[in-house]
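Worth saying up front: this structure is predicted, and the values here are computed from it rather than measured. Quick note: numbers below take in every heavy atom, side chains included, and nothing from hydrogens, waters or symmetry partners.
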Amino acid sequence: MARKATPENQAEKQGRLQQIVLSYKMTREADPKVGLIVAGVGIVTLGVLLAVGFAIGHPVYLGILGVLLAFLAMAIVFGQRAQRAHHGRIEGQVGAAASILEQQMGRKWTTTSPVAFTREGDMVHRAVSKAGIVLIGEGNPGRVKGLLAAEKRKMARVVTDVPVHDFIIGNAEGQLPLKKMRMTLAKLPQVVPGDKVTATTDRLRALGDPMKNMPIPKGPLPKGARMPKGR
């Protein structure tokens, strides 16, 4: 028996549709051809499957399969271009790396952002996953290196048996470009068991959250923004 649509389900569907529309509008601002490219991918995919269907005598079957694959291909291409547009919008903003950690790395990553910072807007963010502990620094490389070193010394007091990876966001040699951050972190070896990930997260919480009482909004801050003084 089919389930009746409830107000909650309808609201959820409307919310998803609004998110898709908003995502498309924001992507189109940075990538004006995104609509044509995504539509082209869908048409080509469907056309190829239909051609194969007529060639082998099963146009209906291949047509249905073509529609499904066309939507899948369109979703993949749109997702990639939307992600690229998002990276372009936030690159250079304070907190851009944290935005990627929190929104794109998935639920298996526990992010604390930031764990160290300067008044000039330099930050270090920490994430824990099966890859171990990841420290991401953004800002002036000289100051960020000092923040990373200090954070490692703090963590060494409570965690000693988990791999630690550290990166500085930037486009210079030896730095990690923001657009490659998600893929680079996703490729890190998954060597830490789930129970140890939980234990590590709990131990690191003992270090406290330096931003707990700071009036900082979530997400990237405008370029040139400065961190507030602590209370």
Side-chain angles (χ1 to χ4, degrees), residues 1-91 96-111 127-132 134 136 165 167 176-194 197 218-220:
M1 183 175 180
R3 292 184 302 175
K4 293 184 179 180
T6 65
E8 291 80 6
N9 290 336
Q10 292 178 346
E12 184 178 353
K13 290 180 180 178
Q14 290 177 353
R16 289 178 180 175
L17 180 59
Q18 290 173 351
Q19 287 179 350
I20 293 173
V21 172
L22 179 61
S23 178
Y24 174 75
K25 289 181 178 179
M26 295 178 68
T27 301
R28 190 176 59 181
E29 291 178 1
D31 186 0
K33 296 182 179 180
V34 63
L36 291 175
I37 292 173
V38 171
V41 168
I43 292 171
V44 170
T45 303
L46 177 58
V48 170
L49 268 293
L50 277 176
V52 173
F54 279 109
I56 64 176
H58 295 285
V60 175
Y61 173 74
L62 268 296
I64 294 173
L65 181 61
V67 170
L68 297 176
L69 291 180
F71 275 113
L72 177 61
M74 291 168 68
I76 291 173
V77 171
F78 175 71
Q80 291 174 341
R81 298 187 81 89
Q83 188 179 96
R84 193 181 309 161
H86 176 66
H87 290 171
R89 275 197 311 275
I90 66 176
E91 188 167 13
S99 175
I100 293 176
L101 281 173
E102 294 169 351
Q103 298 177 19
Q104 299 183 18
M105 294 311 300
R107 297 179 180 178
K108 294 183 179 180
W109 287 68
T110 301
T111 301
V128 183
S129 72
K130 289 186 177 182
V134 175
I136 301 289
H165 312 272
F167 304 91
L176 176 62
L178 187 71
K179 62 184 179 181
K180 295 183 179 181
M181 176 180 155
R182 180 182 177 279
M183 187 63 67
T184 299
L185 299 188
K187 289 182 178 179
L188 291 174
Q190 307 288 297
V191 297
V192 183
V197 172
K218 289 289 186 181

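Atom CG of Leu49 is separated from atom OH of Tyr61 by 9.5 Å, given to the nearest 0.5 angstrom. Put simply, CZ on Phe71 and CD1 on Ile76 are 14.0 Å apart, with the number rounded to the nearest 0.5 Å. Taking CZ from Arg182 and NZ from Lys187, the interatomic distance works out to 11.5 Å, rounded to the nearest 0.5 Å. Rounding to the nearest 0.5 Å gives a distance of 9.0 Å between CD1 of Ile136 and OG1 of Thr184. Annotation: the span from Leu36 atom CG to Arg28 atom CZ amounts to 10.5 Å, rounded to 0.5 Å.
One N or O on the side chain of His165 and one on the backbone of Ala131 form a donor-acceptor pair closer than 3.5 Å.
Heavy atoms only, all atoms of each residue included: Met181 and Leu176 are closest at CA-CD2, 3.9 Å. Of all the heavy atoms in Gly63 and Leu50, the pair that sits closest is CA-CD2, 3.6 Å. Between Val197 and Ser129, the closest heavy-atom pair is CG2-O, 3.5 Å. Residue Gly42 comes nearest to Ala70 through the heavy atom pair O-CB, 3.4 Å, listed as atom of the first residue, atom of the second, then distance.
Side chains of Trp109 and Val134 form a contact here, defined as non-hydrogen atoms less than 4.5 Å apart. Annotation: side chain of Leu62 is in contact with side chain of Ile56 (closest heavy-atom distance under 4.5 Å). Residues Val34 and Phe78 meet the side-chain proximity criterion, which asks for heavy atoms closer than 4.5 Å.
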*Yes or no on side chain to side chain contact (heavy atoms under 4.5 Å, CB included) for Leu185 and Leu101, after CA distance, side-chain angles and deciding distance?*
CA-CA 9 Å; Leu185 299 188; Leu101 281 173; 3.7 Å; yes
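Looking at residues two or more places apart in sequence or on another chain, you find a side chain to side chain contact (heavy atoms under 4.5 Å, CB included) between Val191 and Pro163, Pro189. By the side chain to side chain contact (heavy atoms under 4.5 Å, CB included) test, Leu68 is found to be paired with no residue, residues two or more places apart in sequence or in another chain being considered. The side chain to side chain contact (heavy atoms under 4.5 Å, CB included) check on Lys33 picks up Asp31, Ile37, with sequence neighbours excluded. Applying the side chain to side chain contact (heavy atoms under 4.5 Å, CB included) test to Ala73 and every residue at least two apart in sequence or in another chain returns Val41, Thr45.
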